[in-house]
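Below: the structure, in structure tokens.
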Amino acid sequence: MYGNDFGEPVDDVSQLSDAEQQRRFDELIAADERIEPRDWMPAGYRKTLIRQIAQHAHSEIIGMQPEANWITRAPSLKRKAILLAKVQDEAGHGLYLYGAAETLGVERAELMDLLHTGRQKYSSIFNYPTLTWADMGAIGWLVDGAAIVNQVPLCRCSYGPYARAMVRICKEESFHQRQGFEILYTLSRGTEAQGEMLQDAVNRWWWPSLMMFGPPDDESPNSAQSMAWGIKRHSNDDLRQRFVDMTVPQAEVLGVTLPDPELKYDDGHWRYGPIDWAEFAAVLKGRGPCNRQRIEHRRKAHEDGAWVREAATAYADKQTARSQRGAA
Ligand SMILES: [Fe+2]
Ligand SMILES: [Fe+2]
């Protein structure tokens with residue numbers, strides 16, 4: 001129950017004027033409370049969240065592909081079981097996130113269509129190939145590691161369903177990061193060839209991982225609004241710096257060299273060299289090594305799964321008809 005301007009209780013919030021609804025929304029945001037699906041929200045807030053959550057969901061399911069590539073070639077039964085579990089976790093993350101997006105009034109089928117037709121994006125990192133087993137370690141350590149740094153603040157996102165989905169996702173991501181590090185740690189104590197494979201994987205995944213935080217702050221036009229709405233809590237460059245500071249000491253434990261000659265410790269932080277934003281832009285525009293392959297594979301998986309969706313729908317219809325007959 002909310003009070004109107006005259007201090008009288010209003011039972012039905014839909015009776016409030018737009019200005020009153022906006023004020024109520026602003027108060028919730030200012031108090032750092034959660035916005036829930038039943039609450040009024042500005043159209044821009046809803047649109048921003050749908051886009052962000054959908055692109056996050058797309059990244060989770062497209063991200064299954066580079067690693068699924070190694071399930072049949074994992075070096076042991078134990079490694080295969082761990083990798084399978086990890087790839088399944090990513091499918092689950094996609095599921096929670098598509099569910100969170102649906103609470104904003106968009107259909108999952110519509111979001112899939114936007115992905116399949118290239119009108120919505122997913123994280124560019126998944127357009128790079130996985131060439132060796134060490135890539136499984138590098139993805140867990142660096143890609144899931146970067147994802148955690150990006151996503152932990154989203155557990156406090158102003159939109160309730162997104163924030164709650166992120167809590168569980170972050171727990172699973174930290175398992176992913178550790179399993180990746182453990183793969184690399186094992187390689188680091190192996191043969192010379194395994195050491196070279198480890199270094200090569202880190203050389204290829206380091207810079208794309210830094211790009212995962214998005215463009216530099218001065219070229220990130222939507223960031224300020226997202227911060228004001230409590231969707232985003234830290235700037236791209238702040239999160240990127242946090243990731244670098246966290247990762248450099250771990251690289252020392254692995255005995256690998258990060259491929260950045262300008263990396264140096266200064267005033268409490270590891271300062272890194274310039275990022276190749278031209279490469280980022282090219283991959284984002286579809287010119288990465290695997291963009292086409294990823295989308296083609298996704299479309300085919302969607303078509304191959306059509307019978308599952310049809311069967312589930314037919315079953316749900318049957319259940320509904322049965323319960324209606326029961327009620328009558
Ligand atoms: Fe994930
Ligand atoms: Fe993950």
Side-chain angles (χ1 to χ4, degrees), residues 49 51-71 74 78-102 108 111-112 115 120-130 133-157 159 161-185 201-202 204-206 208-214 231-232 239-240 242-243 246-247 250 290 294 297-298 301:
L49 273 169
R51 197 188 54 225
Q52 179 170 336
I53 300 173
Q55 294 189 355
H56 190 166
H58 300 331
S59 303
E60 298 286 353
I61 63 166
I62 295 279
M64 296 167 73
Q65 291 185 39
E67 289 176 286
N69 183 34
W70 280 88
I71 290 172
K78 184 183 133 197
R79 293 290 186 200
K80 190 198 286 272
I82 296 170
L83 187 59
L84 261 175
K86 191 215 180 228
V87 173
Q88 281 180 332
D89 282 353
E90 306 300 6
H93 298 173
L95 195 65
Y96 314 150
L97 290 166
Y98 285 119
E102 285 195 309
R108 180 163 156 187
L111 299 178
M112 299 310 308
L115 170 64
Q120 273 183 346
K121 298 202 183 310
Y122 53 88
S123 180
S124 278
I125 192 97
F126 302 118
N127 290 313
Y128 291 89
T130 44
W133 171 252
D135 287 14
M136 297 305 95
I139 288 181
W141 178 45
L142 297 173
V143 178
D144 290 280
I148 292 169
V149 172
N150 249 330
Q151 292 172 9
V152 165
L154 289 173
C155 299
R156 293 189 298 115
C157 166
Y159 187 59
Y162 191 27
R164 288 188 290 273
M166 291 320 299
V167 172
R168 176 151 170 194
I169 290 177
C170 284
K171 284 181 186 161
E172 292 176 350
E173 295 302 356
S174 78
F175 153 68
H176 298 170
Q177 199 261 356
R178 292 178 73 109
Q179 68 86 38
F181 184 84
E182 204 259 338
I183 289 173
L184 297 183
Y185 189 67
V202 171
R204 285 180 290 107
W205 290 97
W206 173 251
S209 301
L210 296 197
M211 294 174 196
M212 282 176 72
F213 297 92
I231 297 173
K232 213 175 151 84
L239 292 168
R240 191 166 10 245
R242 193 176 292 188
F243 172 70
M246 180 185 100
T247 309
Q250 297 172 357
C290 302
R294 299 291 184 239
H297 187 88
R298 175 89 273 288

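Counting starts at 1 for both ligands and their atoms, in listed order. Worth knowing before you read on, the calculation uses all heavy atoms, side chains too, and leaves out hydrogens, waters and symmetry mates.
- Checked against the Fe ion (ligand 2), the N, O or S atom of H176 at the shortest distance is ND1.
- Distance check for D144 against the Fe ion (ligand 1): none of its N/O/S atoms falls below 2.8 Å.
- Tested against Y98 for a side-chain hydrogen bond (donor to acceptor under 3.5 Å, both in side chains), the candidates H56, H93, H58, E60 yield a single pass: H58.
- Between the Q120 side chain and the Q55 main chain, no donor and acceptor come within less than 3.5 Å of each other.
- Here the shortest heavy-atom pairing between P129 and R294 reads CA-NH2, 4.1 Å.
- At least one N/O/S atom of H93, from backbone or side chain, sits under 2.8 Å from the Fe ion (ligand 1).
- What you find for S209 and I125 is that their closest heavy atoms are N-CD1, 3.6 Å.
- Metal site remark for the Fe ion (ligand 1): E172 contributes no N, O or S atom at a distance under 2.8 Å.
- Annotation: side chain of V87 is not in contact with side chain of W70 (no heavy-atom distance under 4.5 Å).
- The minimum distance between the Fe ion (ligand 2) and any N, O or S atom of E173 involves atom OE1.
- Taking backbone and side chain together, E90 holds an N, O or S atom under 2.8 Å from the Fe ion (ligand 1).
- At least one donor-acceptor pair under 3.5 Å links the side chain of S59 to the backbone N or O of S123.
- Of all the N, O or S atoms in E60, the one closest to the Fe ion (ligand 1) is OE1.
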